[in-house]
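Following: one structure in structure tokens, then a few remarks.
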Amino acid sequence: TMQTTPLAVVSAAVVCVAWATSSMAAVHDRLSQIHPPPHPRIQLPPQSESLQDLPQPLHGQGLRSHSPVQGQGGATNGSVFNVRDFGAVGDGVTDDSAAVQSAIAAAGLAGRRYSSVGWDSVASRGTVLFPTGEYLLSATLFLPVDPSFTPPDLAGQGSAMLRQVNASADIVFGSNVVVWRASGLQFLGGRNQLHIGNNNTDKGGIVVTDCGFFHAGSAGVRLLEPSRSLQPDTVGKAPHLRGPPHHTLESFHGSFSTQMTVRECRFVECAQAVVNWADWTLVESVWVTTSPSMPNDTAVFENHDRMVLSHIVGVPREVLGPTTRQRWVDNYAFRLSGNGVALRDFRMGGEGNGLGGIYNFAPFICILIQSPYSKLDLCGRIPLNASSLPNGTDTEPAGFVQVTGSVLDTHQPIVVLEEVPSKVSITESLIWDGGNFPVLGLGDEVNLSSSLFVAAFTAAVARQNAMLTYTVDGTNWNGPATSVQTLPPELLPFVPGRVEASTAPQVGVWTAGQVVWAKRPTLGLAGWLCNASGVPGQWLPFGLGAVGGL
């Protein structure tokens, strides 16, 4: 028997169709207003210039361009936006820049924020999906910066590669990236491949997982730094090492209040792997093969706040030697708090003469500088040739370098102190001394016996909350490594464990009650006891009988 559809049901269906039609029209009207902003640092050259001297596409010859398909931008599978629905081809020949940008703009409308608890609280995000293919790009992909948008996640399906043919352009740029994820993608070419961050917002969380970064001219992953106008010359990296700005955003505070995780990724022949400006960044389970064209005086990992590097396999390629000052890690101080790096299970390979280890530029003594954009205190460098501590000097514990459970084959000092941090700890690691280098080396301008460092060490000792500690307790392939063999004598007063020496200390700031043990004790001489604080203090020898015959 034929059943008659109730009139109410028909009416409801008509209303739903009308609502959906009007909603989609509103979405397309909004998308038509979206235009990628100009690149914050560069202008793209004409296409013919951008493709000169670049390798040919992997699939076929030449380059075809197209306009994005109009009217196809519907989300598939909820909030997932497939770039193919926006006209991307993924054949390695067609320029997919405009099509992918359209997909990103559409996905930005799918995000939602909790307006009741702050604009930076993200409730949900759209996802831009890249099916298997090679997506050729000639322009930077911009994540939405309009406050009504939420930068969408980027996800690869199968084997998806984003290939930038413009060597001076980033692949992805976003300055409003608060909570965001990239996964399953391969990035090839360009300058910075993920150049992202936020204006020091709160509750930031960035995750990059299962991605490959190949032949980046600058960095595979670079967090946005403060505007150059907000970086005083005496804070962080010295001006002659900074190079040109990586962006020209004005009044941009940097991506500090953010947690970033980079996990299970591969970095192959990038000038740098990760440049960190976040409060807490974890890089783990990562393979790194360095670039043979890595610039001099550059580090694979560059840290300006706090960074943990865990389970890293590092393979250097065709390194020219110690004079190039290429190294695995740089640790800088920007803010007074933070500026520390911890390495766990890190393989610093010795191939190609090996890279340098860790260069520390984070001092434990700073001139307090009020941040030009917030109440944060910045760490101003004190000239290392100063004769005394300037007014405004702070000796709070700042700057740390920690290495544990690692294989260190650098053929150079494991840690080079261009500035002296509050803590250095190298423990339970396998050290290869190659050319009989010290485990801990000093920069050319660091003189630990100078009046500046004597005053700084004395001030730090006088403050109960400013504990300096320097520990080297590992295993050297050519014999056991002890703190005496691997630390400069001026740092021995701050070794938390047993200190051994051949003679009573001649340098360093020592405190009454400290003991230095003789390397080869005898019944008559077991060590020396400091009975008066000073530089180097007053020392009394003692024998085994003086300590109960022990």
Any donor-acceptor pair under 3.5 Å from D96 side chain to V89 backbone
yes

Would you say the side-chain atoms of T261 pair up with the backbone N or O of L282, donor to acceptor, closer than 3.5 Å?
no

The criterion is salt bridge (Lys or Arg N to Asp or Glu O under 4.0 Å); which residues satisfy it with K237, sequence neighbours excluded?
E302

Verify, without hydrogens or angle tests, whether R228 (side chain) and H246 (backbone) share a donor-acceptor contact under 3.5 angstrom.
no

Qualifying side chain to side chain donor-acceptor pair (under 3.5 Å) pairs with a residue from residues 209-219, counting only residues at least two apart or across chains
N192-S218, S218-R222

May I ask you to test the V416-I358 pair for a side-chain heavy-atom distance under 4.5 Å?
no

Would you call the rings of F256 and F334 parallel, tilted or perpendicular if under 30° counts as parallel and over 60° as perpendicular?
parallel

With no hydrogens and no angle check, do the side chains of S229 and S227 hold a donor and an acceptor under 3.5 Å apart?
no

Parallel, tilted or perpendicular: which one describes the rings of Y332 and F361, with boundaries at 30° and 60°?
parallel

Using a 3.5 Å distance criterion without hydrogens, assess whether the side chain of H247 forms a donor-acceptor pair with backbone atoms of E225.
yes

Is the distance between the ring centroids of F214 and F187 under 6.0 Å?
no

Keeping Q186 on the side-chain end and F213 on the backbone end, is there a donor-acceptor pair under 3.5 Å?
no

Would you kindly say whether S97 and D95 are connected by a side-chain donor-acceptor distance under 3.5 Å?
yes

We want to know whether H253 and N200 form a side-chain donor-acceptor pair, criterion being a heavy-atom distance below 3.5 angstrom.
no

Checking side chain to side chain contact (heavy atoms under 4.5 Å, CB included) for the pair R317/E351: CA distance, chi angles, key distance, verdict?
CA-CA 7 Å; R317 282 205 52 195; E351 297 87 350; over 6 Å; no

Sequence neighbours excluded - salt bridge (Lys or Arg N to Asp or Glu O under 4.0 Å) pairs with any residue from residues 271-284
R263-E284, D279-R335

